[in-house]
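Here is the naming used below: chain letters follow the sequence lines, and residue numbers restart at 1 for every chain.
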Number of protein chains: 2
Amino acid sequence: MTAGRTGLREQKKQATRQALREAALRLALERGPDNVRVDDIADAAGVSPRTYNNYFSSREQAIVAAVTAERESRVAAAIAARPDGVRLADAVVDAIVEQYTDPDAQDGDALLLITTRPALREAFVDAAAAIEHPLTDAIAGRLGDAGRDTARVLAASVAAAVRVALDRWVGGTAAAPPVAGGLVVPSGSLPDLLRAALAALAPALDAAERRAASARHDPGRI
Amino acid sequence: MTAGRTGLREQKKQATRQALREAALRLALERGPDNVRVDDIADAAGVSPRTYNNYFSSREQAIVAAVTAERESRVAAAIAARPDGVRLADAVVDAIVEQYTDPDAQDGDALLLITTRPALREAFVDAAAAIEHPLTDAIAGRLGDAGRDTARVLAASVAAAVRVALDRWVGGTAAAPPVAGGLVVPSGSLPDLLRAALAALAPALDAAERRAASARHDPGRI
DNA sequence: TACAAAAAGTGCGCGCACGCAAGTTTGCGT
DNA sequence: ACGCAAACTTGCGTGCGCGCACTTTTTGTA
């Protein structure tokens, strides 16, 4: 179904991409991220430095990709996998939490490295933006083609919420300002942060779903 | 109130920033964006190239800033200016539409240039992300300090929605896929696109506002 | 099987972004 | 009025991102 092109060409491309991101992470762990030149990564993966840049547009992106991998498409697939009867908001939230709790992603060492270095933290958080397009398709699948525009906005919003949760999880952009009265929990568990962030969007997802359902009963309406 | 630091120092900084962005736009219009070196911009603004990079982290950013300017803080101020009785969703949507319809921003020539070159389009669309932080403060102001986390998610979502609207307005990232059955309006007017995109988030804003109101009546509840 | 079109890889070169370690200006307390 | 500390500017050097033109590999077709 989602096979796309399955030729030798595509196979090699994926292999190269994987070789690059794994080399990037391995070298970063071995020597520390600041002692890894792009040439080293390309060398280790057996391609030219120029080719490296055809796959990743920043060194941080390559390192982070080793841990982020194909999460985007997995999220979309996970949503599509939920039975149609499930509330859209639940399908989205559960799918995301599920994919961000994948034991594979918990490469202890790697995450420690990433959450330590500011540049990597930023790249890691920004990587969440990649779920937007797959998410759009997944949500549009539920809303019907009439709701494509709405789906795009909702997907972008969900991605933004995930970004916020991740940012908070890794310690935030800067030190939190000293709040006067309230006690501020430093970080918390990632699933909790994700659910909390996404909860704010549930009403919007519900409304879109309701609208789509009524449109199906009365196609003449806008 | 929102004065911040108003010393000579800050004054000079703003002057430099303005000189840089205006020089960037002027030169880009005169020679075409590809024939403008960073050194030229710095020269024209009377600072060193290195200083230029303390203000803008990409050439595109500087050019786009001339048209984007201080829109971020204006949006926040516009929201704060609405009377407290107004529905939050309306305050946000109206403030944003108002600020993105500022006649100043319609520097015909500049917008033509920006919407033409892909690199500039991207920078222009991405510039919308800058409204997130001011928006967070503005929304948090309405929701009360208990809703700060929610405010951040909502602000990020609103910014994302604006991004989507702008992206559509400037012609989209790539050519739209040929939809089978439906007629697709190419672009439409910016205010309409903004309202359409933000409409999907209205239910979330409403829900947050209701929650905040009930929390005010019953502070013991979470 | 042979071949032409498409796609991916590669070498080169140019600006650019940014860390670092000075030098310079502004702000503030005494 | 003075002087110190913090903020801003600047020159230098390094590695990187990417456009361009060219070679090599893969794919679809005759």
Side-chain angles (χ1 to χ4, degrees), chain A residues 3-21 23-24 27-28 31-65 116-123 126 173-175, chain B residues 3-21 23-24 27-28 31-65 116-123 126-127 173-174:
Chain A
R5 294 166 307 175
T6 66
L8 184 83
R9 187 164 237 141
E10 195 62 19
Q11 229 171 343
K12 278 195 170 181
K13 256 180 77 167
Q14 293 309 328
T16 301
R17 170 169 252 110
Q18 180 176 348
L20 280 171
R21 63 184 181 220
L27 291 175
R31 328 178 177 174
D34 294 340
N35 303 325
V36 181
R37 309 273 138 265
V38 160
D39 297 23
D40 302 334
I41 302 176
D43 254 16
V47 296
S48 81
R50 185 62 184 82
T51 293
Y52 161 87
N53 267 324
N54 290 339
Y55 285 87
F56 299 101
S57 54
S58 90
R59 218 176 55 260
E60 292 74 27
Q61 206 174 100
I63 298 174
V64 162
T116 300
R117 313 274 170 161
L120 291 179
R121 287 197 306 195
E122 196 181 340
D126 285 351
T173 304
Chain B
R5 293 168 307 174
T6 67
L8 180 72
R9 188 163 236 142
E10 193 64 18
Q11 230 171 343
K12 278 196 173 182
K13 257 180 73 169
Q14 293 308 329
T16 300
R17 169 169 253 108
Q18 181 175 348
L20 280 171
R21 65 183 180 221
L27 292 175
R31 329 179 177 173
D34 294 341
N35 302 325
V36 181
R37 310 272 139 265
V38 160
D39 297 24
D40 302 334
I41 302 176
D43 254 14
V47 296
S48 81
R50 185 59 183 83
T51 293
Y52 159 88
N53 267 325
N54 290 339
Y55 285 87
F56 299 101
S57 53
S58 90
R59 218 175 59 260
E60 292 74 28
Q61 205 174 101
I63 298 174
V64 162
T116 299
R117 314 274 169 160
L120 290 179
R121 287 197 307 197
E122 195 181 343
D126 284 351
T173 304

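Taking only side-chain nitrogens and oxygens, B:Asn53 never comes nearer than 4.0 Å to OP1 or OP2 of C:dC18. Distances shorter than 4.0 Å separate none of the side-chain N or O atoms of B:Tyr52 from OP1 or OP2 on D:dT10.
Here B:Arg59 contributes atom CZ and B:Leu120 contributes atom CG; the two are 8.0 Å apart, rounded to the nearest 0.5 Å. The distance from atom OH of B:Tyr55 to atom CZ of B:Arg21, rounded to the nearest 0.5 Å, is 11.5 Å. A distance of 6.0 Å separates CG in A:Leu20 from CZ in A:Phe56, rounded to the nearest 0.5 Å.
Among the protein residues, A:Phe56 comes within range of no part of the nucleic acid, since none of its heavy atoms lies under 4.0 Å from any strand. Within the nucleic acid shown, A:Thr51 comes within 4.0 Å of at least one base atom, counting heavy atoms only.
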Base, backbone or nothing for each nucleotide of nucleotides 19-27 of chain C, written B, S, -, heavy atoms under 4.0 angstrom, 5' to 3'?
BB----BBS

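Rounded to whole Å, the distance from CD on B:Gln14 to P on D:dT9 is 11 Å. To the nearest angstrom, P of C:dC16 lies 14 Å from CG of B:Leu20. Atom CD of B:Glu60 and atom P of D:dG17 are 15 Å apart (whole Å). Summarising the geometry, the separation between CG on B:Asp34 and P on C:dC14 is reported as 17 Å, rounded to the nearest angstrom. Rounded to an integer number of Å, the gap from CG of A:Asn35 to P of D:dG15 is 11 Å. Atom OH in A:Tyr55 sits roughly 19 Å away from atom C1' in D:dC16 (whole-Å rounding). Atom CG in B:Asn54 sits roughly 12 Å away from atom C1' in D:dA7 (whole-Å rounding). The CZ-P distance, from B:Arg17 to D:dC8, rounds to 11 Å in whole Å.
Judged as a salt bridge (Lys or Arg N to Asp or Glu O under 4.0 Å), the pairs with a partner in residues 32-43 of chain A (not counting sequence neighbours) are, in order, A:Arg31-A:Asp40, A:Asp34-A:Arg117.
Counted within 6.0 Å of CD on A:Gln61, heavy atoms from surrounding residues, nucleotides or ligands total more than 12; the atom is thus considered enclosed.
Counting only heavy atoms from C-beta outward, the side chains of B:Gln14 and B:Gln18 never approach each other to under 4.5 Å.
Proximity of residues 37-46 of chain B to DNA chain D (heavy atom under 4.0 angstrom from any strand atom) is not detected for any residue.
Exactly one of B:Ile63, B:Asn35, B:Val36 qualifies for a side chain to side chain contact (heavy atoms under 4.5 Å, CB included) with B:Leu27. That residue is B:Val36.
Looking at every heavy atom in both residues, B:Ala42 comes nearest to B:Tyr52 through CB-CB, 4.3 Å.
Distance from the side chain of A:Lys13 is smallest to C:dA8 among D:dT9, C:dA8, D:dG11.
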For A:Asn53 and A:Arg50, run side chain to side chain contact (heavy atoms under 4.5 Å, CB included): C-alpha distance rounded to whole Å, both residues' side-chain angles, the deciding distance at 0.1 Å, then the answer.
CA-CA 5 Å; A:Asn53 267 324; A:Arg50 185 62 184 82; 3.9 Å; yes

